[in-house]
Protein chains: 4
Amino acid sequence: MTDMRFVEVSSISEENINIFGRLCRQKQPLPLLFNGSGVEIVVTGSDLWIEIETDSDFHEPWVAYEINGALMSRMMMLPGEHSICLFRNMEPTTPKRIRFYRELQAMSEDDRCKVLVKGFKLDGEFCAVPNYTRRIEFIGDSITSGEGSYGNVTDVDWLAMYMSASVNYATMTAKELNADYHILSQGGWGVFCGWDNDVRHNIPSVYEAVCGLVQKNSPVDKAFGTSEPYDFAKWQPDVIVVNLGTNDATSFNQPPIYNPDDGQTYKMRLNEDGTKNREDELKIEKAVVAFLEMLRKNNPKAHIAWCYGMLGSDLNLTLTEGINTYREKTKDENVSFFQLPNTTMETFGAHMHPGLKSHENATKALTDYLRNKMGW
Amino acid sequence: MTDMRFVEVSSISEENINIFGRLCRQKQPLPLLFNGSGVEIVVTGSDLWIEIETDSDFHEPWVAYEINGALMSRMMMLPGEHSICLFRNMEPTTPKRIRFYRELQAMSEDDRCKVLVKGFKLDGEFCAVPNYTRRIEFIGDSITSGEGSYGNVTDVDWLAMYMSASVNYATMTAKELNADYHILSQGGWGVFCGWDNDVRHNIPSVYEAVCGLVQKNSPVDKAFGTSEPYDFAKWQPDVIVVNLGTNDATSFNQPPIYNPDDGQTYKMRLNEDGTKNREDELKIEKAVVAFLEMLRKNNPKAHIAWCYGMLGSDLNLTLTEGINTYREKTKDENVSFFQLPNTTMETFGAHMHPGLKSHENATKALTDYLRNKMGW
Amino acid sequence: MTDMRFVEVSSISEENINIFGRLCRQKQPLPLLFNGSGVEIVVTGSDLWIEIETDSDFHEPWVAYEINGALMSRMMMLPGEHSICLFRNMEPTTPKRIRFYRELQAMSEDDRCKVLVKGFKLDGEFCAVPNYTRRIEFIGDSITSGEGSYGNVTDVDWLAMYMSASVNYATMTAKELNADYHILSQGGWGVFCGWDNDVRHNIPSVYEAVCGLVQKNSPVDKAFGTSEPYDFAKWQPDVIVVNLGTNDATSFNQPPIYNPDDGQTYKMRLNEDGTKNREDELKIEKAVVAFLEMLRKNNPKAHIAWCYGMLGSDLNLTLTEGINTYREKTKDENVSFFQLPNTTMETFGAHMHPGLKSHENATKALTDYLRNKMGW
Amino acid sequence: MTDMRFVEVSSISEENINIFGRLCRQKQPLPLLFNGSGVEIVVTGSDLWIEIETDSDFHEPWVAYEINGALMSRMMMLPGEHSICLFRNMEPTTPKRIRFYRELQAMSEDDRCKVLVKGFKLDGEFCAVPNYTRRIEFIGDSITSGEGSYGNVTDVDWLAMYMSASVNYATMTAKELNADYHILSQGGWGVFCGWDNDVRHNIPSVYEAVCGLVQKNSPVDKAFGTSEPYDFAKWQPDVIVVNLGTNDATSFNQPPIYNPDDGQTYKMRLNEDGTKNREDELKIEKAVVAFLEMLRKNNPKAHIAWCYGMLGSDLNLTLTEGINTYREKTKDENVSFFQLPNTTMETFGAHMHPGLKSHENATKALTDYLRNKMGW
């Protein structure tokens, strides 16, 4: 550990660093905006440190890192500057691949929550990083935020520590397929409305901003421009996996909710026989159509695979009716529907969300599906 | 083994025998028309024999039997009268549950193929059989005929011996759910057309006959009235599982076929970009709608679950478009779509069909689904 | 199926047939003396029949056959001549590999039990069979006789139908390692005494005869010379797997038994604190030493692997004390001890014996062990 | 998070804290001497912090903690005082169970390596902890130190970060059996000599000291008295699991080593035919006998189970010869030998050591074994 020097993220040449996740205008220090957002480098040398800065209020960010593809550490980050040793005393000439990433989803409920990577301290050299020729964007809710992937089955608090990118079908699928990937997900949100009937909690409304999940005009937004339009041209995915619908389905069984923004009360209704009110079902379908149009506009060539079912498949017909309406309307055939394996008593993690085994099952099925669909 | 006596099937009182599968007008000897069709009894005594008569031309029927729920034997039946010992020298006072059933699907290509149960020889007494309060009808193609469930991965002949009810998600699901069940399936057939574009090979065209898969006016038909209208009132299922679409999907990649019945040539077409010709896709959807209407007419209260995906899920959007059109048209909400786990390199049986492991995976997923959907 | 001709087993040239299991002096028709004993051929042609003759009293033999390595049929054989169709209507030019074998162990309790293979009827040609360069001899008790590998967990009768070579770690291990194999096993027997303290029921006492399990001077013995000395020179194994000890362990917990042959009563005793009486334990060890000496005398170069533990490992120290005493006494180091995975609640078959899953677990462990030990 | 107060470990009443692992004379701050050594509390309140102090030179300690039995975090500890937030903003009235423990084995090669627990900061109350009525001591080598349980299969450095108590059959078995447990293990050590023939690296030589793995007269020893005799009376295990032999086996294939302590060179020899030199084998057996005597002297009532085989079972006969000699010599029958499942290509972790799957397999087998053996 001699001659440690500090290198800013922005000083690392492009072929020597992979950055996962959507980028904002600020590059130095580099904000990690979503779960799965991270940096990957390959270095020689005996020791490696990462310098980061974090902030938060209620929902502290968690981070994790892998060495040569194996998870080594996962920890809570309280507000402050952190100098984290990623490894020590390793054989200096052997290149080591390190991926450091954010575990916690973009937090719509914590105005200060952020993770900034300033750079690395090392006594070796940067080497070329793996070149991922495939790109996948994952769009989802709590499932894609890895909620419940950590914690005991009996745990029911809604806390940052139970969410992850490390035990997550999105991360695992990208690794299995050797792909670069983006995650954009929010626990409790849907394609039309949230689990609690809150119509403001729909992913399409934030998709086109850099990180629309961050409150507009919050300090984080002001600093990084998270509410600015996202420049899709910079990163075009081969596949977009949309894992939405689980919360829309739940809303039918939840009480009405008052929306202070427009003074109205909202509720997805069930008929007396327990079936879904057709008008309300059509709201979801309309949202599906509109979201597919939005995705297509911004990602002209991506295959869009709506992948749903890890917490029940109640909305299969509703979602496919939307997708088919979109197909009929646009003649766009580059879209598909794929059902993911359901979570069962043996595969639940914390608070009735998918656990490790369920994420592994989803990964296996989705990997097989994308290999066939994309000819990968 | 003293005092063996022969008892005709028709002489066994109703509470002492379960008969699986659709019945025709002949009750003695009892024809087993489909795979999974069989008889179940519980008897005391040390020895038990079954007396059957079989016939066939190219496609000999296979049969199997279970003792106390465990598969004990499986064998080929050549034409003739057979007296088969099912067990010997068992502890005489203990009741033994025996299920004897047909392994081979109804054969549309073998006019003589039949399995008739004449009765049992025993030295004990008949006891009450299990009372199955749940009823499931499975409608399908080669997957539901268990094609490839026996045989080596490299085997490619199309032969009776590779098909089964014993290694079959339909049988396993019914057992897991403690349900009575019917199977109606045919390898190569679809909801609109067969794998080879033969439009005559669609299941709806035979659904309303007793066993429409048997050639009309064949000796078997003449003897048993297999082409007569089936009396659905006699056995109303709680759930109908429709596992069709796999052959309709394949037809797009097969050459045109000449239909001697109408002198026309048929072909499901692909567009130049590899997508499905919309006109042809709509033929499938129309067939889906019509089939659902037919199923509903004959089974007013059954939940209809279209369960598809064990050999790829290419037709997910096509099938659901049909199902949704049916929903919209009829306002019938008692229908659902559920994707079954795909067969992969690790789970294939013979000639690229689902093997044991794939049928087990499907059973697990389908059982979980029906438990939730039906409140079982 | 034209021009079917009959070919006696003895007329098939050596390179065109594999015969599994120990042979007696009679070659035509060929007696299958043990479970796993069988014939393997590769033939062209569309149809194949096997001609066999069987006899038995209480314990009827079962047989099974595989096509291209996949189990196709399993059935009970009552006394008589049987002409069994093994396949029909197959693609005639493709060579098919068929293995037909006895499921039932050599029966020490049924003087008439036998399976004789007379020959084959076929319309094709015999081809060269696989050349197995590895040879394994399996010596065991009910575990190696596949007892309970068929039947429901609740079944407790002691019957031929519950035993097998088809669901059996010995058969599976040999197949996995691509090896020729012999089985010599008897349910209830031990290395020193049987489960019920019967000292006559020890495998070493019958090992050196052709098939010492068959009653001396019984019709079968008289016909085939099963009690004649076995000529070990004809078939020298690379490995001998001895799976004995399970019944010796059980004897300590069973009541005394009277031996009519010598008028004495026998009992393996437990001390008051539940440990084994040292004198009785030493009887087992002495038997282990003597048996190893007998095995070595007859198989000078074979690696002898004592593989034990599928129904508990209580005798680990007793057996190894015997093996180590043998090592010390003879300086023979070509012997080892390997513990097989125990059977648990999830892996039991019928009457508390290993089921399919347990045989699969044992196969996996034993295959890995032999690969390492033998450099295979 | 109001009214946080600090409570020293030594101030927590006995019924409110479980301490895992051997204790030394110092209780405040509390040294965690071995991997698996840790503290377990149950607290109410919204927030919980732990205050620790660590030191090390080359081999930095790692720590991990669980909430309600689920692993939440794992991290490297560099020298210094650390205030670690274990949870924040939890539902205050619900009791939370937290276990914080050392991942890294006692380090014989790092004189400064230590982890001290000073106490907790909390805003809730301590509740009664689980009462473990069963006690297991695990004695082992790198396997029991969890070497390779973290890291990629290709990783070969020998570093602290690859070792753990979190992915470790000892921890998992104790949890599965609801038992208190101690670990005493050292990578590379054996019952007679280390993997490299170093005869100083034998576990018996350090077993009777508090933590004899720490260098005598090192600062840590001076501070905590790790080389003092351990008072076995304070914690008598029900079972002692000895997982030693793997390194003794390896030594036969390694070059001679010079021992600076006595100026002699040591080497376990192979005969020309590849078998073990009998004199050297007997050294191991003598060590086994002596170690069993030592264990028995200090633990009069414990069942001693020698559990070996996770990295090959080459020493089965050698170890059992030692155990049997001990049995014969002492008439002590409260000892057994149990073979653990081998690690295979599918279950390796880093640098050819057991990975998660192998530790899970060992846990399953060992749990089943101890349940039967101990009547648990």
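Letters go in sequence order (proteins before strands), and every chain restarts at 1. Note that the coordinates shown come from a computational prediction; the quantities given were computed from them, not determined experimentally.
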Non-hydrogen atoms of Pro95(C) and Val42(C) that approach each other most closely: CB-CG1, 3.7 Å
The test is side-chain contact (heavy atoms from CB on, under 4.5 Å); show your working for Ile98(C) and Phe87(C) and say whether it passes. CA-CA 9 Å; Ile98(C) 280 76; Phe87(C) 62 75; 3.4 Å; yes
Toward chain B, the part of Ile84(C) with a non-hydrogen atom under 4.5 Å: neither
If you round to the nearest 0.5 Å, how far is CG of Leu159(C) from CD1 of Ile67(B)? 8.5 Å
Nearest heavy-atom pair of Met163(B) and Leu104(B): which atoms, and what distance? SD-CD1, 3.9 Å
Among Gly69(B), Ala160(B), Gly151(B), single out the residue with the greatest number of heavy-atom pairs under 4.5 Å to chain C. Gly151(B)
side-chain contact (heavy atoms from CB on, under 4.5 Å) for Val39(B) and Phe120(B)? Distances and angles first, verdict last. CA-CA 11 Å; Val39(B) 288; Phe120(B) 295 94; 3.8 Å; yes
Could you tell me which non-hydrogen atom of Ala165(C) sits nearest to which non-hydrogen atom of Gly36(C), and how far apart they are? CB-N, 3.3 Å
So do Met75(C) and Val63(C) actually touch side chain to side chain, heavy atoms under 4.5 Å? yes
For chain C against chain B, give me the donor-acceptor pairs closer than 3.5 Å, one per line with atom names and distance.
{"residue": "Asp57(B)", "atom": "O", "partner": "Arg88(C)", "partner atom": "NH2", "Å": "2.9"}
{"residue": "Phe58(B)", "atom": "O", "partner": "Arg88(C)", "partner atom": "NH1", "Å": "3.0"}
{"residue": "Phe58(B)", "atom": "O", "partner": "Asn89(C)", "partner atom": "ND2", "Å": "2.9"}
{"residue": "Glu60(B)", "atom": "OE1", "partner": "Arg88(C)", "partner atom": "NH1", "Å": "2.6"}
{"residue": "Asn68(B)", "atom": "O", "partner": "Asn152(C)", "partner atom": "ND2", "Å": "2.7"}
{"residue": "Asn68(B)", "atom": "ND2", "partner": "Asp155(C)", "partner atom": "OD1", "Å": "2.8"}
{"residue": "Met72(B)", "atom": "O", "partner": "Arg74(C)", "partner atom": "NH1", "Å": "2.8"}
{"residue": "Ser73(B)", "atom": "OG", "partner": "Arg74(C)", "partner atom": "O", "Å": "2.6"}
{"residue": "Arg74(B)", "atom": "N", "partner": "Arg74(C)", "partner atom": "O", "Å": "3.3"}
{"residue": "Arg74(B)", "atom": "O", "partner": "Ser73(C)", "partner atom": "OG", "Å": "2.6"}
{"residue": "Arg74(B)", "atom": "O", "partner": "Arg74(C)", "partner atom": "N", "Å": "3.3"}
{"residue": "Arg74(B)", "atom": "NH1", "partner": "Met72(C)", "partner atom": "O", "Å": "2.8"}
{"residue": "Arg88(B)", "atom": "NH1", "partner": "Phe58(C)", "partner atom": "O", "Å": "3.0"}
{"residue": "Arg88(B)", "atom": "NH1", "partner": "Glu60(C)", "partner atom": "OE1", "Å": "2.6"}
{"residue": "Arg88(B)", "atom": "NH2", "partner": "Asp57(C)", "partner atom": "O", "Å": "2.9"}
{"residue": "Asn89(B)", "atom": "ND2", "partner": "Phe58(C)", "partner atom": "O", "Å": "2.9"}
{"residue": "Glu91(B)", "atom": "N", "partner": "Asp157(C)", "partner atom": "OD2", "Å": "2.8"}
{"residue": "Asn152(B)", "atom": "ND2", "partner": "Asn68(C)", "partner atom": "O", "Å": "2.7"}
{"residue": "Asp155(B)", "atom": "OD1", "partner": "Asn68(C)", "partner atom": "ND2", "Å": "2.8"}
{"residue": "Asp157(B)", "atom": "OD2", "partner": "Glu91(C)", "partner atom": "N", "Å": "2.8"}

